[in-house]
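Some notes on the structure that comes next.
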Amino acid sequence: MKIAVGSDHAGFELKEHIKGILPAGEYDVTDVGTHSPESVDYPDFGLEVARRVAAGEADRGILICGTGIGMSIAANKVRGIRAALVCDLYTAAQSRRHNDANVLVLAGRVTGKGLAEEIVKTWLSTEFEGGRHLGRLKKIEAFEKNTDR
Ligand code: RB5
């Protein structure tokens, strides 16, 4: 599975940690930055990861900023992106089962490394259930296609 990861300065440390738990044999990880704790703007990295996922250059994306809110707002502006801000294991699983989330957003200033690891593992290993949930996603997709936003 190809995964694009990105963060701002507030998510940098957690991004580095999360990369370390994604085994190279199983995941092909591309880090779009940021590459240091120097202050940067989260949209530069959130939009790039989202663009890659929407274009099919990556299967999934993982984004991290301080609260996860800015990255969520940015990523969800990109057509075809279903970015889920997740702070617990239940929503990690549900964001896959019910929402087919293709981008996971973590909060580097809220969620500790241990919980973040479990969230990532759960999110990557949980399948979309389809069925009635697919119909709901199709409504969002139709809105995206028929609007000039
Ligand atoms: C950076 O200070 C902070 O605003 C950013 O990481 C994020 O939390 C924005 O939503």
Side-chain angles (χ1 to χ4, degrees), residues 1-24 26-128 133 136-137 139-145 147-149:
M1 183 189 286
K2 288 185 182 174
I3 304 181
V5 302
S7 77
D8 70 357
H9 52 288
F12 171 68
E13 195 182 324
L14 185 56
K15 171 170 67 66
E16 296 305 300
H17 182 76
I18 292 302
K19 282 195 299 179
I21 64 148
L22 299 172
E26 215 173 324
Y27 301 105
D28 176 0
V29 178
T30 301
D31 184 354
V32 308
T34 187
H35 300 294
S36 85
E38 293 302 308
S39 184
V40 291
D41 298 331
Y42 61 81
D44 295 339
F45 306 94
L47 292 171
E48 177 57 16
V49 164
R51 187 199 64 73
R52 286 179 187 232
V53 173
E57 294 169 22
D59 302 305
R60 303 273 188 91
I62 298 177
L63 287 169
I64 313 172
C65 63
T67 59
I69 295 170
M71 286 297 197
S72 303
I73 292 170
N76 278 313
K77 296 294 180 196
V78 177
R79 201 164 291 194
I81 292 303
R82 296 176 299 279
L85 170 54
V86 171
C87 295
D88 62 82
L89 295 178
Y90 177 71
T91 48
Q94 289 299 96
S95 75
R96 291 288 313 133
R97 289 189 194 117
H98 286 197
N99 310 112
D100 197 18
N102 49 13
V103 173
L104 170 68
V105 186
L106 296 169
R109 289 177 176 161
V110 179
T111 306
K113 286 180 184 149
L115 177 56
E117 276 183 33
E118 295 307 312
I119 288 171
V120 169
K121 286 178 191 163
T122 299
W123 188 76
L124 288 173
S125 62
T126 305
E127 296 299 323
F128 178 48
H133 305 296
R136 292 160 186 169
L137 295 183
K139 290 190 176 187
I140 297 171
E141 196 179 297
F143 177 84
E144 280 183 325
K145 280 188 180 144
T147 185
D148 285 336
R149 289 182 297 131

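As the structure lists them, so they are numbered: ligands from 1, and atoms in each ligand from 1. One-based numbering along the sequence shown. Remember, predicted model here, so these are calculated numbers, not experimental data.
At the top of the distance list for atom 2 (O) of ligand 1, counting protein heavy atoms only, stands Arg109 NH1, 3.3 Å. Among all non-hydrogen protein atoms, the one lying nearest atom 8 (O) of ligand 1 is Thr67 N, 2.9 Å.
Side-chain contact check for Thr111 versus Ile64: every heavy-atom pair is 4.5 Å or farther apart.
Heavy-atom proximity to Gly66, at under 4.0 Å, picks out these atoms of ligand 1: 5 (C), 6 (O), 7 (C), 8 (O). Within ligand 1, the atoms closer than 4.0 Å to a non-hydrogen atom of Asp8 are 1 (C), 5 (C), 6 (O), numbered from 1 in the order shown. Near His9, with a cut-off below 4.0 Å to any heavy atom, the atoms of ligand 1 are 1 (C), 2 (O). Atoms of ligand 1 found under 4.0 Å from any heavy atom of Tyr42 (numbered from 1 in listed order, with element): 9 (C). Taking every heavy atom of Ala10 and a limit of under 4.0 angstrom, the matching atoms of ligand 1 come to 6 (O).
Lys113 has no carboxylate O lying under 4.0 Å from a charged side-chain N of Glu117, or vice versa, which leaves the two without a salt bridge.
Distance remark: protein heavy atom not present below 4.0 angstrom from atom 4 (O) of ligand 1.
In plain terms, the two heavy atoms of Phe128 and His98 that are nearest each other are CE1-O, 3.7 Å.
Ligand 1 is never approached by Met71 to a heavy-atom distance shorter than 4.0 Å.
Using a distance-only test at 3.5 Å, with no hydrogens or angles considered, a donor-acceptor pair links the side chain of Arg82 to the main chain of Asn99. With Thr122 contributing its side chain and Glu118 its backbone, the two residues share a donor-acceptor pair below 3.5 Å. A donor-acceptor contact shorter than 3.5 Å is absent between the side chain of Lys15 and the backbone of Asp31. Not one N or O on the side chain of Asp41 forms a donor-acceptor pair closer than 3.5 Å with the backbone of Pro43. Distance alone, capped at 3.5 Å, is enough to place a donor-acceptor pair between the Arg96 side chain and the Ala101 backbone.
Taking distance alone, with nitrogen or oxygen atoms compared against 3.5 Å, Gly70 approaches ligand 1 more closely than that limit.
When Ala107, Pro43, Cys65 are ranked by how near their heavy atoms come to atom 7 (C) of ligand 1, first place goes to Cys65.
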